[in-house]
Amino acid sequence: MSGAVRVRVDRDRCCGAGNCVVTAPEVFDQDDADGLVLLRRAEPPADAADRVRLAVELCPAGAISVAPRPVPERSSTS
Amino acid sequence: MTVAALTDLPLWPPINLDRDPLVPLDAGERRRFAGPVTRVRLPTDATAWLVTRHADVRQMLRHPGFSADLTRPGFPLLRRIPPGAFGDRRGGFIRMDGVEHTRLRRMLTAEFMIRNVRRIEPLIRQTVDRALDGLHAAGPPADLVTHVALPVPSMVICHLLGVPYADHDFFQERSRTLIDRDAPPERVQRHVRELRDYLHRLVEAKVATGERADDLLSRLARDRVDTGELALDELVGMAVLLLIAGHETTANMIGLSTLLLLRHPARYAALRDDTGHAEGLVDELLRYLSIVRTGLPRLATEDVEIGGRLIRAGEGAIAVLSLANRDRTAFDRPDEFDPYRAAQQHVAFGFGVHQCIGQPLARAELRIALVELARRFPRLRPAATAGRLPTRDSSVVYGLDALPVTW
Ligand code: HEM
Ligand code: SF4
């Protein structure tokens, strides 16, 4: 399995405790203005997928979700 | 429920002075409350559901059908408080729900975000250094709680908020009363009022000066009060909450963590030699010690099924963080202290929208204080004491009142 994921964050739900930033700093950041989550990359490299899933687990507010990323061959046929 | 049936229910929190300070609940107590969802009697003679499994605690604390507002009728209070004893509750967002809570919390999220806490690490280090100088000058032997555990978080939060540390005796005594379940209601009432009055004067002075200092309360005064977004009394309430939450908890974690590490000299030494691992160690300390031992109380505002049990609207529930943190389905060999395990999914900071906003700060304070202690005092050990160590058994936040050490 490739494990590639697409990440979504919901800033309305985020409570800014920053667990995601500690867990996967290359994917998540906090906005300087309000401390809420910012997505650095919606399609993180495959080697970050496990940490992204852990970030989903740890997010106290349920503000992060992931979906499997469509494999490029298939999406190009559409 | 009849009185006889009520007294048949186990009492929460259990009173047990024989327990070791590092053990949240002994084996018998754990069997009694293992539920996984158990009906208990509270010291107020109310009843509540005790929720103990890791998954259930997380579900409960993230569920919008549970309220944190202790003024709602039926809220599972751990002590009798006459209505209105807490006086003006504006600004105290730890006890608010929904948009009311979000509105105030969001004014602080940027202040406590990881990047800003990293920025103040030099200040934390300086504070720790000064406290360790004090410990050195006072002994050996000397009390680690008086010289390190209490002053470090206190000085740091004072600096951040812009509160004079010189007044620490005043607010330390008052915050203690507020989280002590055995404190008489009149005293609670008086101490809340005195703390609020004190911070009111301070915040008012900050609002009055045109030139704003670079501290959190001054920033909020300028960016939120001046703009009409935040009432002065709300800012006062937020200041009370931050001042109490910002030093009581971390202080108790420093004291208990030191006791634990001194009982395992190899781990204490490893802290000095392998500082890269200190972050993982801090999370394991938070999990293992779970200092908010009485759990987090909530009131169900709708019927919710938790752990196979229907909790009805109007019933109280308590999320027992210490048991969730020892749940074997979430942690292998949960009763072993293992600094190398992945402990991040612990719930020592709570879960859901109220999860501790100060956690990046608390983690940094703990890491720096413990690493520097191990560096400067490699031969530290507990000093001989007559009898058991004084513990805070009636407090919402468990900890040691003293930890005599020598070196
Ligand atoms: C090791 C130290 C700490 C522990 C174990 C701890 C634990 C907790 C827990 C369990 C909660 C959730 C309460 C609930 O859901 O009812 C909480 C909330 C809170 N903590 Fe901490 N805390 C610590 C340090 C700090 C520090 C240093 C601050 C400083 C600013 C702080 C400020 C707060 C605030 C303001 C809340 C309320 C958040 C909200 O309701 O949205 N805490 N803390
Ligand atoms: S862990 Fe969740 S709540 Fe916390 S900052 Fe990240 S997205 Fe926001």
Side-chain angles (χ1 to χ4, degrees), chain A residues 1-70, chain B residues 54-55 57-64 93-94 96 98-99 101-119 216 219 223-224 279-280 282-283 296 319 321 330 342-364 367:
Chain A
M1 215 188 97
S2 77
V5 290
R6 181 188 298 269
V7 189
R8 294 180 54 141
V9 293
D10 181 346
R11 285 171 53 88
D12 288 338
R13 283 187 173 208
C14 172
C15 63
N19 293 328
C20 54
V21 184
V22 179
T23 312
E26 73 274 53
V27 181
F28 304 101
D29 199 355
Q30 275 170 296
D31 191 329
D32 265 323
D34 56 19
L36 301 183
V37 66
L38 283 180
L39 207 48
R40 297 171 75 116
R41 35 201 315 195
E43 302 199 341
D47 63 352
D50 282 347
R51 270 174 296 123
V52 169
R53 285 197 193 89
L54 180 61
V56 173
E57 273 288 293
L58 294 182
C59 174
I64 310 172
S65 55
V66 293
R69 195 151 87 209
Chain B
H54 188 259
V57 160
R58 299 207 325 167
Q59 186 204 344
M60 171 185 153
L61 292 176
R62 202 148 91 175
H63 200 291
F93 62 90
I94 194 167
M96 292 178 188
V99 291
H101 164 261
T102 310
R103 169 179 162 254
L104 298 178
R105 178 168 170 129
R106 290 234 164 133
M107 294 186 190
L108 293 173
T109 38
E111 293 282 347
F112 289 99
M113 67 188 204
I114 314 276
R115 198 175 306 124
N116 286 336
V117 170
R118 290 215 178 104
R119 230 169 260 152
L216 189 153
R219 276 193 295 277
D223 300 342
R224 311 286 186 172
E279 288 188 16
V282 163
D283 268 314
L296 302 180
L321 308 180
Q344 311 100 305
Q345 80 271 33
H346 69 74
V347 287
F349 287 121
F351 204 66
V353 295
H354 288 282
Q355 193 186 55
C356 185
I357 199 173
Q359 56 180 299
L361 176 62
R363 284 200 168 95
R367 172 171 46 83

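The sequence lines fix the lettering, A, B, ..., with proteins before strands; numbering per chain opens at 1. What you see is a predicted model; the values in this text were computed from it and never measured.
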Quick check on B/Q345 against chain A: is it the side chain, the backbone, both or neither that has a heavy atom closer than 4.5 Å?
both
Can you tell which part of A/A63 gets under 4.5 Å to a heavy atom of chain B, answering side chain, backbone, both or neither?
neither
Answer yes or no: does atom CD of B/E279 have more than 12 heavy-atom neighbours from other residues, nucleotides or ligands under 6.0 Å?
no
With side chains defined as the heavy atoms from C-beta onward, is the minimum distance between A/N19 and B/Q355 less than 4.5 Å?
yes
Determine whether B/Q344 and A/L58 satisfy the following criterion, side-chain contact (heavy atoms from CB on, under 4.5 Å), listing intermediate values before the conclusion.
CA-CA 8 Å; B/Q344 311 100 305; A/L58 294 182; 4.0 Å; yes
Start with the C-alpha gap between A/D29 and B/R115, add the side-chain angles, then the distance that decides, and say whether side-chain contact (heavy atoms from CB on, under 4.5 Å) holds.
CA-CA 9 Å; A/D29 199 355; B/R115 198 175 306 124; 2.5 Å; yes
Toward chain A, the part of B/F112 with a non-hydrogen atom under 4.5 Å
neither
What residue, out of A/L54, A/V21, A/D12, A/T23, has the most heavy-atom pairs lying under 4.5 Å from chain B?
A/D12
Which pair of non-hydrogen atoms, one from A/A17 and one from B/P360, has the smallest distance, and what is that distance?
O-CG, 4.0 Å
Which value, rounded to the nearest 0.5 Å, describes the distance between B/R58 atom CZ and A/E57 atom CD?
5.0 Å
Does CZ in A/R6 sit with more than 12 non-hydrogen atoms of other residues, nucleotides or ligands closer than 6.0 Å?
no
Nearest atoms (heavy-atom pairs only) where A/A33 meets B/A110:
O-CB, 3.7 Å
Going by heavy atoms in the side chains, are B/T109 and A/Q30 under 4.5 Å from each other?
no
Report which part of B/I114 has an atom under 4.5 Å of a heavy atom belonging to chain A: side chain, backbone, both, or neither.
both
Please state whether the side chain, the backbone, both or neither of A/D32 comes within less than 4.5 Å of a heavy atom of chain B.
both
Above 12 or not: heavy atoms from other molecules or residues under 6.0 Å from CZ of B/R103?
yes
For the CZ atom on B/R118, are there more than 12 heavy atoms of other groups (residues, nucleotides or ligands in this structure) within a distance under 6.0 Å?
no
Could you pull out the closest heavy-atom pair between A/C15 and B/G352, with the gap in Å?
SG-O, 4.1 Å
